[in-house]
Amino acid sequence: MESFEVILKPICLVILIVLCLHAMPSSCNFTSFVFGDSLVDAGNNNYIFTLSKADSPPYGIDFTPSGGQPTGRFTNGRTIADIVGQSLGAKSFPPPYLAPNTEAQAILRGTNYASGASGIMDKTGFFFIGRIPLGEQVSNFEQNRIYMVNAMGENYTRKFLKKAIFSLTIGSNDVLNYIQPSIPFLRHDKVSPTTFLDFMISNLTLQLERLHEMGARKFIVVGVGPLGCIPFVRALKLLRSGQCSSAVNTLIQAYNQRLKELLSRLNQEMGPETIFVFANSYDAFIDIIANYHQYGLENANDPCCGGYFPPFVCFKSSNANSSALCDDRSKYVFWDAYHPTEAANLIIAKQLVDGDESVSFPINIRRLYNYNNS
């Protein structure tokens, strides 16, 4: 009986997706394939040996589907990718690629390939030991695609992928690795900022082209946020509360400008069937930090969990009279020294989904989802 169910379930999913391909997108379930780092990791790092994990309390304390238990998300609740999906009608979240038995689900819900500590470049995050770089994430999608082709054929696979959303939220760890002081016994000369940005853009371009070759047509590529303002960098640069590192943010703005130019070029070369949306998370997040009171927040400087000074560990205190958490998580911009709270993620996701060209260019994510590229 169990083996019959194993066979039947993928067949039912294929029938559903074939029916969906002949209907309007609005009548079909939102499907997304999520690539990136800890900002959107949904639990892949739970399945690898790594120092970059969010599998213990209080991570996930406000994540309703798990009853407040940690899932591997590096925040207190939902990630931006989670919220965007729900805003566009998703009934559930794409499962982590490394979770057991997710191949069939990829046909209906998509898959999350993101990995904490990962970067655009393979070497990024090596201090954390295990992580899944972007190139490997794309290779994992390639394996999922083989399953899809075996289940429903090349033609239907291409039709299906043509309507799905492919989001990439990555680059922060590359920048963080670049700005940190070199460790003496591992010392190597840093390349110039210009060369560093060249490496990032060329490597990202390669992965976008790989995804396009495999059938991806609707892309969201998220720029790097203002890392010069996160608690970790403020501590690293010995900045006073409320100050940001202008040097770090200037480097990021240069990268984001290069990224926006790349996506504009790809739109010209591959459009109109293919569309790349640049998600301007930098300006959206800077606005939250500068005007946090207007968003109903009360603290844009300190992490809610883990403290402001090294080692920045966010953990659940065993002492009932002592807590590593802030009093009200919904009033903080930063969850820990690196990541935003669900409250901040909600604000940014709303702007990306329904905002104007200053936040999502050339169209917002809702329009991308409804975009007819047939």
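Values in this document were obtained by computation on a predicted structure and should not be read as measured data.
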TODO: State whether the side chain of Asn76 and the backbone N or O of Asp62 hold a donor-acceptor pair below 3.5 Å, judged by distance alone.
DONE: no
Task: Pair Thr71, Arg73: side-chain N/O donor-acceptor within cut-off below 3.5 Å - done: yes
Open item on the list: If we count only N and O atoms by modelled type, under 3.5 Å, do the side chains of Thr195 and Asp198 hold a donor and an acceptor together?
Closed with: no
Task: Distance-only side-chain donor-acceptor flag, Ser139 / Arg210, under 3.5 Å - done: yes
- [ ] Answer with yes or no whether the side chains of Asp174 and Tyr255 bring together a donor and an acceptor at under 3.5 Å.
- [x] no
- [ ] Measure SG to SG for Cys305 and Cys314 and state whether it is below 2.5 Å.
- [x] yes
- [ ] Using a cut-off of 6.0 Å, state whether more than 12 heavy atoms not belonging to Glu269 lie near its atom CD.
- [x] yes
TODO: Evaluate the side-chain proximity of Tyr338 to Pro303: yes if any heavy-atom separation is below 4.5 Å, no if none is.
DONE: no
Open item on the list: If we ignore hydrogens and angles and just use 3.5 Å, is the side chain of Asn112 paired with the main-chain N or O of Pro94 as donor and acceptor?
Closed with: no
- [ ] For the residue pair Asn45 and Ser115, confirm or rule out a side-chain donor-acceptor distance under 3.5 Å.
- [x] yes
Open item on the list: Between Arg145 and Arg158, is there a side-chain heavy-atom distance shorter than 4.5 Å?
Closed with: yes
Open item on the list: Run Asn373 and Lys162 through side-chain contact (heavy atoms from CB on, under 4.5 Å) and show every step you take.
Closed with: CA-CA 8 Å; Asn373 59 357; Lys162 193 175 184 180; 3.6 Å; yes
